[in-house]
Amino acid sequence: YLQQQLPREKIGIVGASLGAASAVLAKPEGRVQAMVLESMFSTIDDAIANRVAMPFGKIGYAAAPLLLMQLPLRLGVWPSELRPIDALPTLTMPVLIASGAQDAHTTWAETQRIFDAANQPKTLWKVEGAGHVDLQQFNPALYDSTVLSFLNHHLKQNR
């Protein structure tokens with residue numbers, strides 16, 4: 001739609017959590033010139049395990065495979081299809097990967113693995129004190145300066 005409406009403009013995506021994962025899994029190579037990926041899970045396996053472990057501890061990790069088995073039955077999707085970390089290396093546009101340092105939904109270790117999987121140019125932004133929250137609302141001034149600077153740099157027009 002944007003390409004049709006604004007054919008001369010560069011396009012950037014800002015996605016958070018599932019929105020970031022969806023953007024990567026869509027593989028928008030050639031249609032998008034920059035991506036901001038906030039609090040994105042690496043795999044659906046990790047996402048479910050982390051979320052179930054939060055209220056139930058280690059027993060939650062044991063229950064995660066039972067939930068994963070329901071994906072193909074209920075949604076017609078296999079867990080192997082929901083692995084943004086595997087799709088990320090196919091993208092060549094600049095990416096800014098951001099996550100809260102205290103995010104229990106997507107751990108910092110996961111975020112670092114996601115960053116390692118991305119191609120250059122890439123930027124990693126660790127938001128100290130933030131969990132799995134709206135990073136813009138958490139610190140508007142820092143968010144705006146970081147994200148807008150990234151987008152302005154990679155989406156500026158040669159006019």
Side-chain angles (χ1 to χ4, degrees), residues 1-51 67-68 70-101 103-127 130-159:
Y1 174 81
L2 286 175
Q3 287 174 319
Q4 290 175 349
Q5 298 301 310
L6 305 164
R8 291 196 210 131
E9 298 297 325
K10 292 183 178 181
I11 299 172
I13 290 178
V14 177
S17 194
L18 182 58
S22 299
V24 171
L25 291 170
K27 298 180 182 176
E29 189 66 38
R31 297 173 293 174
V32 172
Q33 287 70 49
M35 295 179 80
V36 177
L37 307 172
E38 299 179 30
S39 309
M40 182 178 80
F41 63 84
S42 58
T43 68
I44 195 66
D45 306 63
D46 288 339
I48 289 174
N50 290 345
R51 283 154 180 80
L67 295 171
L68 284 167
Q70 295 183 41
L71 283 173
L73 300 172
R74 292 179 180 253
L75 302 175
V77 175
W78 292 93
S80 60
E81 297 175 86
L82 300 175
R83 299 178 55 87
I85 197 167
D86 293 343
L88 197 54
T90 67
L91 303 178
T92 59
M93 78 279 293
V95 294
L96 168 63
I97 297 169
S99 192
D103 190 341
H105 292 80
T106 302
T107 67
W108 187 251
E110 277 179 80
T111 300
Q112 288 185 298
R113 286 196 315 273
I114 291 166
F115 179 74
D116 291 343
N119 291 310
Q120 291 287 357
K122 59 185 177 179
T123 303
L124 180 62
W125 179 34
K126 185 177 191 177
V127 184
H132 198 77
V133 298
D134 180 332
L135 297 177
Q136 198 280 332
Q137 284 188 335
F138 181 79
N139 189 332
L142 183 58
Y143 183 93
D144 291 352
S145 68
T146 303
V147 172
L148 293 179
S149 174
F150 173 83
L151 291 173
N152 283 333
H153 176 73
H154 293 290
L155 299 179
K156 63 184 171 194
Q157 296 293 337
N158 295 327
R159 293 188 220 170

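Please read these numbers as outputs of a predicted model, since none were measured by experiment. Computed over heavy atoms, backbone and side chain alike; hydrogens, waters and symmetry mates excluded.
- Considering all non-hydrogen atoms of both residues, Lys126 and Ala101 come closest at CE-CB, 3.6 Å.
- When atom types are taken as modelled, the side chain of Thr111 and the backbone of Thr107 share a donor-acceptor pair closer than 3.5 angstrom.
- In this structure, CG on Leu135 lies 7.0 Å from OG on Ser99, to the nearest 0.5 angstrom.
- In this structure the side chain of Phe150 never reaches within 4.5 angstrom of the side chain of Val14, judged on heavy atoms.
- With sequence neighbours excluded, no residue forms a ring-ring contact (aromatic ring centres under 6.0 Å, His included) with Phe115.
- Annotation: side chain of Ile85 is not in contact with side chain of Asp46 (no heavy-atom distance under 4.5 Å).
- In terms of heavy-atom proximity, Thr90 sits nearest to Asp86 at CG2-O, 4.5 Å.
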For residues 28-36, run the donor-acceptor check on the side chains, cut-off 3.5 Å, and write out each pair with its distance to 0.1 Å, sequence neighbours left out.
from	atom 1	to	atom 2	distance (Å)
Glu29	OE1	Thr92	N	2.8
Glu29	OE1	Thr92	OG1	3.4
Glu29	OE2	Thr92	OG1	2.4
Arg31	NH2	Lys27	O	3.4
Gln33	OE1	Ile11	N	2.6

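- The two atoms that bring Glu81 and Gly76 nearest to each other are OE2-O, 4.4 Å, heavy atoms only.
- Atom NZ in Lys122 sits 7.0 Å away from atom CD1 in Ile97 (nearest 0.5 Å).
- For the residue pair His105 / Asn50, no side-chain donor-acceptor distance below 3.5 Å is found, with atom types taken as modelled.
- Judged by distance alone, the side chain of Ser149 and the main-chain N or O of Thr146 form no donor-acceptor pair under 3.5 Å.
- Counting only heavy atoms from C-beta outward, the side chains of Leu25 and Leu82 approach each other to under 4.5 Å.
- At least one side-chain heavy atom of His132 sits under 4.5 Å from a side-chain heavy atom of Thr106.
- Atom-to-atom distance recorded for Ser22:OG and Leu37:CG is 11.0 Å, nearest 0.5 angstrom.
- Taken to the nearest 0.5 Å, the NZ atom of Lys10 stands 10.0 Å off from the NE2 atom of His154.
- Distance check, rounded to the nearest 0.5 Å: OG of Ser80 to CD1 of Ile44 gives 12.0 Å.
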- Item | Verdict with supporting geometry, Asp45 and Arg83, side-chain contact (heavy atoms from CB on, under 4.5 Å) | CA-CA 8 Å; Asp45 306 63; Arg83 299 178 55 87; 4.2 Å; yes
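- Between Ile114 and Phe41, the closest side-chain pair of non-hydrogen atoms is not below 4.5 Å.
- Between Leu151 atom CG and His153 atom NE2 the span is 11.0 Å, to the nearest 0.5 Å.
- No more than 12 heavy atoms of other residues, nucleotides or ligands lie within 6.0 Å of CH2 in Trp78, so this atom counts as exposed by the packing criterion.
- Listed here is the closest heavy atom pair of Pro79 and Pro72: CD-CD, 4.4 Å.
- For the pair Ser42 and Arg113, the tightest heavy-atom approach, listed with the atom from each and the gap, is OG-NH2, 3.9 Å.
- Using a 4.5 Å heavy-atom threshold, the side chains of Tyr143 and Asp134 count as separate.
- Leu67 places a side-chain heavy atom less than 4.5 Å from the side chain of Gln70.
- Taking both residues in full, the closest heavy atoms of Ala23 and Ile13 are given as CB-CG2, 3.8 Å, listed atom of the first, atom of the second, then distance.
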